[in-house]
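Start at 1 and go down the list; that is how both ligands and their atoms are numbered.
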Amino acid sequence: MPTLNNIRSTFLNYFAKQGHEIVPSSPLVPRNDPTLMFANSGMVQFKNLFTGVEHRDYKRATTAQKCVRAGGKHNDLDNVGYTARHHTFFEMLGNFSFGDYFKENAIPFAWELITKELDIPKDRLLVTVYHTDDEAADIWKKVAGLSDDRIIRIPTDDNFWMMGPTGPCGPCSEIFFDHGDKYWGGPPGSPEEDGDRFVEIWNLVFMQYEQFEDGSRTELPNQSIDTGMGIERVAALLQGTNDNYATDLIRSLIEASADATSTDPDGPGSVHHRVIADHLRSTSFLIADGVMPSNDGRGYVLRRIMRRAMRHAHLLGAKDPLMHRLVPSLVNQMGAAYPELNRAQALIEETLKLEETRFKQTLDRGLKLLDDELSSLPDGAALPGEAAFKLYDTYGFPLDLTQDALREKGRTVDTDGFDAAMAEQKAKARAAWAGSGEAADAAIWYDLGETHGATDFLGYDTETAEGQV
Ligand code: ATP
Ligand code: MG
Ligand code: MG
Ligand code: MG
């Protein structure tokens with residue numbers, strides 16, 4: 001049974017054989033790209049090659065890219081613990097052509113890799129194409145011999161990729177695996193497509209056009225290829241499960257979490273172990289790439305993920321900081337492929353331990369307050385915004401942590417009320433600062449948080465929250 005580490009090398013070696021340069025993953029913090037919080041796909045490090053701004057001495061590349069999707073356009077944070085196939089941190093395997101080959105090669109490469117190298121049975125596979133992309137549909141038919149009902153035409157943006165409002169864009173083709181009718185779900189494009197039966201494993205993007213400001217498009221002179229395959233999803237199907245969390249690497253982290261808390265990995269606390277295993281990977285890799293927990297920007301996303309994990313550890317009954325004790329298992333699993341984890345191991349452990357020690361004091365009290373609030377509310381009522389704000393302001397609970405806690409109970413937060421309480425506190429602070437004669441600076445200080453907030457990565461600035469330092 002191929003392990004996740006085997007699959008990574010099979011993929012990279014296959015594309016190396018096809019004349020691709022094996023390029024290392026870029027760091028999670030993109031260089032020179034303030035519009036993007038974290039690398040969230042393989043193409044991020046190659047943007048300038050696709051637009052033609054930069055040239056390198058290779059026209060074909062292949063990577064295993066570290067990705068984090070916990071904010072911005074792609075935010076899978078709320079999927080963790082709920083779907084079998086989403087993580088905040090995952091590895092995306094990709095092959096890229098910079099003005100070299102196009103669809104006529106990209107599709108046969110993909111098909112050969114999954115059916116010959118990885119031996120995935122053909123009758124479990126189906127593909128989507130953009131509804132007008134006859135060319136891709138014809139190639140699939142010829143190369144894979146798929147019947148028409150297994151080449152699904154999708155008219156939505158899901159199958160049309162754009163780098164931004166202008167620039168390279170084009171149709172995509174996604175490859176799905178059918179885990180069988182013991183799982184709920186329908187094929188892509190059907191109303192049940194969000195189920196766990198049909199899982200998207202690989203997305204092929206055909207950069208065919210250039211889009212201009214007025215909305216018009218022309219064919220790119222050098223058409224390019226960008227693909228992304230989720231390694232954990234492929235590991236799952238090759239290991240005979242539809243659950244990414246049951247695969248070798250992630251399962252070993254779940255077992256480490258169960259051992260450290262003397263609990264059953266598959267018992268009633270299993271969802272906590274899943275979240276912890278996922279968040280352990282994203283927090284450790286972020287710290288290894290230089291992100292530190294803080295109250296704004298990337299650091300606040302990291303802090304939010306860490307604190308969510310800590311609440312789940314608390315629910316498992318962990319009395320002492322837990323996350324830092326799991327780092328050796330992660331390094332053991334992934335350190336060979338990502339040596340930065342080895343180098344940063346001490347820093348990761350210390351950072352997790354410190355954050356967990358600090359937050360523990362307010363976490364226990366905050367959770368008690370939350371329970372008290374809930375028991376005083378009518379059944380099913382939303383948590384009032386002021387209560388969520390108090391948790392945030394006094395106990396250091398990011399709003400999404402409170403929402404995560406309530407979701408288990410089928411409850412929500414009155415977010416309008418939360419925003420109002422936040423606005424009121426800011427107004428008060430502004431007035432106080434105005435009195436001190438520093439009004440101009442204060443306005444800039446607060447607006448900074450809001451400008452960043454506009455990219456919807458940051459949530460809220462928390463400079464007033466106790467226990468957050
Ligand atoms: P989905 O529709 O399942 O959310 P996506 O269309 O958002 O996936 P892409 O942006 O096409 O994903 O990324 C390429 C591949 O990366 C996907 O085909 C999938 O295998 C994998 N992938 C995407 N998001 C995640 C995630 N959060 N966790 C694990 N793998 C992922
Ligand atoms: Mg997605
Ligand atoms: Mg998709
Ligand atoms: Mg996709």
Side-chain angles (χ1 to χ4, degrees), residues 4 7-8 11 25 28 36-44 63-96 106 110 113-114 118 120 125-130 136 152 154-163 169-179 183 185-190 192-207 225-238 241-247 249-250 274-275 277-279 281-282 285 301 305:
L4 195 134
I7 298 166
R8 189 188 305 108
F11 187 99
S25 171
L28 283 167
L36 188 65
M37 179 128 284
F38 301 122
N40 58 13
S41 72
M43 63 77 61
V44 167
T63 61
Q65 174 67 44
K66 300 179 279 188
C67 295
V68 166
R69 293 192 173 183
K73 195 171 104 186
H74 291 290
N75 185 357
D76 288 327
L77 190 53
D78 289 329
N79 286 325
V80 173
Y82 289 89
T83 74
R85 63 183 195 282
H86 286 105
H87 310 285
T88 54
F89 172 93
F90 64 101
E91 287 177 81
M92 196 185 283
L93 299 170
N95 60 293
F96 308 90
L113 180 81
I114 51 181
L118 296 176
I120 301 177
L125 294 164
L126 54 164
V127 302
T128 62
V129 295
Y130 191 55
I152 301 169
I154 303 280
T156 64
D157 288 354
D158 274 354
N159 280 61
F160 196 90
W161 178 89
M162 303 181 74
M163 192 181 278
C169 60
C172 343
S173 180
E174 295 188 325
I175 303 173
F176 284 75
F177 181 80
D178 179 0
H179 282 280
Y183 300 104
S190 74
E192 298 86 28
E193 67 177 354
D194 283 338
D196 282 333
R197 174 171 171 183
F198 293 86
V199 172
E200 175 190 333
I201 55 170
W202 201 350
N203 197 354
L204 316 181
V205 177
F206 311 126
M207 290 189 204
I225 293 292
D226 154 31
T227 84
M229 171 193 266
I231 195 172
E232 297 82 1
R233 295 186 187 183
V234 174
L237 73 90
L238 292 174
T241 168
N242 84 325
D243 181 1
N244 287 10
Y245 291 82
T247 57
L249 196 157
I250 301 175
R274 293 161 77 94
V275 175
D278 174 85
H279 291 7
R281 294 212 303 166
S282 47
F285 273 96
V301 177
I305 302 173

Could you check if a side-chain atom of Leu28 sits within less than 4.5 angstrom of a side-chain atom of Ser282, using non-hydrogen atoms only? no

Single hit among Arg233, His86, Arg274, His87 for side chain to side chain donor-acceptor pair (under 3.5 Å) with Asn244: His87

Quick one: look at His87 and ligand 1, take heavy-atom pairs under 4.0 Å, and tell me if it's side chain, backbone, both or neither. both

Can you list the atoms of ligand 1 that are under 4.0 Å from a heavy atom of Ile201? 18 (O), 20 (O)

Where the closest heavy atom to atom 24 (N) of ligand 1 is concerned, which of Arg69, Gln65, Glu174 has it? Arg69

Could you tell me whether Phe160 and Tyr130 have their ring centroids closer than 6.0 angstrom? yes

If the cut-off is 4.0 Å to any non-hydrogen atom of Met92, which atoms of ligand 1 fall inside it? 13 (O), 14 (C), 16 (O)

Which residue owns the protein heavy atom closest to atom 4 (O) of ligand 1, what's the atom, and how far is it? His86 NE2, 2.8 Å

Among Phe176, Phe177, Phe90, the residue with a heavy atom nearest to atom 16 (O) of ligand 1 is Phe90

Contact summary for Ala39 and Gln65, nearest pair of heavy atoms: CB-NE2, 3.7 Å

Given atoms OE2 of Glu200 and ND2 of Asn203, what angle do they subtend at the Mg ion (ligand 4), to the nearest 10 degrees? 120°

Does the N or O separation between His74 and ligand 1 drop below 3.5 Å for any pair? no

If you scan protein heavy atoms around atom 19 (C) of ligand 1, the nearest is Arg233 NH1, 3.4 Å

In the protein, what heavy atom is nearest to atom 11 (O) of ligand 1, and what distance, to one decimal place, separates them? Asn203 ND2, 2.6 Å

Nearest protein heavy atom with distance in Å, relative to atom 14 (C) of ligand 1: Gly228 O, 3.4 Å

Cation over ring face, Arg281 and Phe89, 6.0 Å, 45°: no

Check ligand 1 against Asp76 and write out every atom of the ligand that is under 4.0 Å from a heavy-atom position of the residue. 24 (N), 26 (C), 27 (N)

Thr88 side chain vs His279 backbone, donor-acceptor pair below 3.5 Å: no

Say whether, by atom type as modelled, one donor and one acceptor occur between the side chain of Thr128 and the main chain of Glu174 under 3.5 angstrom. yes

Of all the heavy-atom pairs spanning Ile231 and Leu4, show the shortest one and how long it is. CD1-O, 3.5 Å

Glu91 backbone acceptor or donor facing Glu232 side chain under 3.5 Å: yes

Beyond-backbone contact of Phe96 with Thr63, side-chain heavy atoms, under 4.5 angstrom: yes

Is Gly230 close to ligand 1, meaning an N/O of one under 3.5 Å from an N/O of the other? yes

Please indicate whether any nitrogen or oxygen in Glu200 is less than 3.5 Å from any nitrogen or oxygen in ligand 1. yes

Looking at the Mg ion (ligand 4), is there an N, O or S atom belonging to Glu174 that lies under 2.8 Å away from it? yes

